[in-house]
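Residue numbers start from 1 in every chain, and the chains themselves are labelled A, B, ... in the order their sequence lines are given, proteins ahead of strands. Values reported hereafter were calculated over all heavy atoms of this structure, with side chains retained and with hydrogens, waters and symmetry mates removed. Please read these numbers as outputs of a predicted model, since none were measured by experiment.
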There are 2 protein chains.
Amino acid sequence: MNIGDVAERAGLPPKTIRYYEEIGLVRPLRSTNGYRSFQESDLHKLTFLGRARALGFSIEDCRTLLGLYEDDTRESAQVKAVAEEHLGEIDRKITELQAMRATLSHLVNACHGDERPDCPILEDLSGLGAD
Amino acid sequence: MNIGDVAERAGLPPKTIRYYEEIGLVRPLRSTNGYRSFQESDLHKLTFLGRARALGFSIEDCRTLLGLYEDDTRESAQVKAVAEEHLGEIDRKITELQAMRATLSHLVNACHGDERPDCPILEDLSGLGAD
DNA sequence: ATAAAGGTTCCAGTGACTGGAAGCTCAAGC
DNA sequence: GCTTGAGCTTCCAGTCACTGGAACCTTTAT
């Protein structure tokens with residue numbers, strides 16, 4: 001398979017796949033013309049990577065997870081630990097965004113949004129929030 | 001005020017303040033010794049920036065908001081539009097993170113996390129998810 | 001013969017800082 | 001006066017995970 005084929009099947013842009021090779025996540029063979037030649041196992045790995053990235057795992061987490069995936073002596077506890085750590089990170093981000101959301105939606109509701117300059121949003125940002 | 005003083009009062013690292021000057025968000029005067037010399041208005045702007053950034057506004061949004069803040073002919077509708085756009089972005093991120101969270105926590109719960117290699121998390125990532 | 005599509009490498013840019021090196025200035029203590 | 005340390009300066013490089021683009025090569029179809 002050429003890069004375009006794997007790209008389509010794995011649902012990843014060719015650029016991303018080249019980047020993954022550059023950082024050592026996949027190591028496709030090369031044809032005599034210099035083109036990358038992907039095997040089923042490469043496609044499999046790339047699909048794995050696409051899914052893991054879609055769940056928000058960092059590239060380094062993906063590297064770890066791929067390593068565990070290919071290691072039959074792994075313990076599921078190792079995988080679970082990585083996933084739980086990431087889950088905690090997601091929860092932290094959600095909490096942070098919800099706090100922003102709360103403040104901001106409050107301010108947006110308080111703002112008339114008309115042609116006059118008075119604006120509770122700017123007042124809050126400027127620290128004059130007498131709310 | 002020297003940079004360390006404003007940094008402390010605005011709650012921003014000196015590095016960040018220098019960066020904000022570099023991209024034109026603040027323009028402190030200079031003392032004869034070459035040190036940046038901040039006025040109250042600069043401190044005020046930096047505090048504004050710190051709050052806006054804490055609400056997740058991008059630097060470009062901050063630039064726009066600062067501009068509106070200093071423009072007495074502004075219409076509050078302009079401010080509200082920026083804020084609403086950002087609020088929508090926050091909501092999109094929250095939704096995305098919650099979807100990740102749902103999938104991931106489901107997988108984490110399904111994983112025994114023991115010394116054996118069987119792992120629903122890896123199975124799902126590898127596309128063998130027969131769930 | 002040519003043109004389009006797809007492949008290759010390499011370099012630069014993204015956002016918003018952050019770390020570190022090399023060097024200058026200032027205030028305090030001896 | 002001299003030294004020490006803190007704080008200031010600039011500049012360069014790195015972060016993360018790509019993404020865009022240039023310049024060039026290969027394959028396939030017309």
Side-chain angles (χ1 to χ4, degrees), chain A residues 1-38 42-43 45-46 48-66 85-86 89-90 92-93 96-97 100, chain B residues 1-38 42-43 45-46 48-66 85-86 89-90 92-93 96-97 100:
Chain A
M1 272 178 288
N2 282 346
I3 201 168
D5 303 319
V6 238
E8 191 168 349
R9 295 201 213 175
L12 293 172
K15 277 268 183 187
T16 298
I17 296 173
R18 291 193 192 99
Y19 172 68
Y20 286 172
E21 182 188 21
E22 190 185 326
I23 63 174
L25 287 178
V26 281
R27 305 183 190 283
L29 300 171
R30 293 289 176 141
S31 304
T32 49
N33 62 9
Y35 286 16
R36 287 170 182 81
S37 176
F38 294 85
D42 294 316
L43 172 57
K45 272 194 193 184
L46 289 167
F48 184 103
L49 288 169
R51 286 165 178 262
R53 292 287 299 134
L55 286 180
F57 284 104
S58 72
I59 288 287
E60 281 319 299
D61 278 350
C62 289
R63 198 188 297 277
T64 303
L65 291 171
L66 255 189
E85 173 76 20
H86 178 47
E89 190 58 40
I90 287 177
R92 247 167 281 135
K93 283 186 190 161
E96 188 189 356
L97 285 170
M100 287 179 185
Chain B
M1 272 178 287
N2 282 347
I3 200 168
D5 302 319
V6 243
E8 191 168 349
R9 295 201 214 176
L12 293 172
K15 278 266 183 188
T16 298
I17 296 174
R18 290 192 193 101
Y19 172 68
Y20 287 171
E21 182 189 21
E22 189 185 326
I23 63 175
L25 287 178
V26 280
R27 306 183 189 282
L29 300 172
R30 295 287 177 142
S31 305
T32 49
N33 61 11
Y35 285 19
R36 288 170 184 80
S37 176
F38 295 84
D42 294 316
L43 172 58
K45 272 194 192 184
L46 288 167
F48 184 103
L49 288 168
R51 285 166 179 259
R53 292 287 300 132
L55 285 179
F57 284 105
S58 71
I59 288 287
E60 281 320 300
D61 278 349
C62 288
R63 197 187 298 277
T64 303
L65 291 171
L66 254 190
E85 173 76 20
H86 179 47
E89 190 59 39
I90 288 176
R92 247 168 281 135
K93 282 187 190 161
E96 188 190 356
L97 285 170
M100 287 181 186

| Is A:Asn33 near enough to C:dT8 that one of its side-chain N or O atoms lies under 4.0 angstrom from OP1 or OP2? | no
| Phosphate oxygens OP1/OP2 of C:dT18: is one of them under 4.0 Å from a side-chain N or O of B:Arg18? | no
| query | When the distance from NZ of B:Lys93 to P of C:dG15 is rounded to whole Å, what number comes out? | reply | 13 Å
| Nearest-Å distance for atom pair CG/P, residues A:Leu49 and D:dA17 | 12 Å
| query | Roughly, in whole Å, what's the span from CD in A:Glu21 to P in D:dA17? | reply | 18 Å
| request: Please figure out whether B:Gly4 or B:Lys15 has its closest DNA chain D nucleotide nearer the 5' end. | output: B:Gly4
| message | If the cut-off is 4.0 Å, is B:Thr16 near the phosphate of C:dT18, judged by side-chain N/O to OP1 or OP2? | response | yes
| message | The side chain of A:Tyr35 is closest to which nucleotide in this list: C:dG7, D:dA17, D:dC18? | response | C:dG7
| task | Look at B:Arg36 and D:dC8 and indicate whether a side-chain polar atom (N or O) is within less than 4.0 Å of OP1 or OP2. | result | no
| field | Atom-to-atom span, CD1 of B:Ile23 to C1' of C:dG15 - whole angstrom | value | 10 Å
| task | Round to a whole Å and report the spacing from OH of B:Tyr19 to P of C:dT18. | result | 10 Å
| message | For A:Ile23, is there any backbone N or O sitting under 3.5 Å from a side-chain donor or acceptor partner on A:Arg63? | response | yes
| Pairing of B:Lys93 and B:Glu96 as salt bridge, 4.0 angstrom limit | no
| query | Do NZ/NE/NH1/NH2 and the carboxylate oxygens of B:Arg36 and B:Glu22 come within less than 4.0 Å? | reply | no
| query | To the nearest Å, how far apart are B:Leu29 CG and D:dC8 P? | reply | 17 Å
| query | What is the distance, rounded to the nearest whole Å, between atom CZ of A:Arg63 and atom P of D:dC18? | reply | 12 Å
| Among C:dA16, C:dT18, D:dC18, which nucleotide sits nearest the side chain of B:Pro13? | C:dT18
| query | Base, sugar-phosphate, or nothing for B:Phe57, non-hydrogen atoms under 4.0 angstrom? | reply | nothing
| query | Would you say a side-chain N or O of A:Arg30 is under 4.0 Å from OP1 or OP2 of C:dT9? | reply | yes
| Contact class for B:Pro14 vs. all strands (heavy atom < 4.0 Å): base, sugar-phosphate, or nothing? | nothing
| query | When rounded to the nearest 0.5 angstrom, what distance separates CG in A:Leu55 from NE2 in A:His86? | reply | 6.5 Å
| field | Side chains of B:Leu66 and B:Phe48 in contact at under 4.5 Å (non-hydrogen atoms) | value | yes
| task | Take atom CE of B:Met1 and atom P of C:dC26, then tell me their distance rounded to the nearest Å. | result | 19 Å
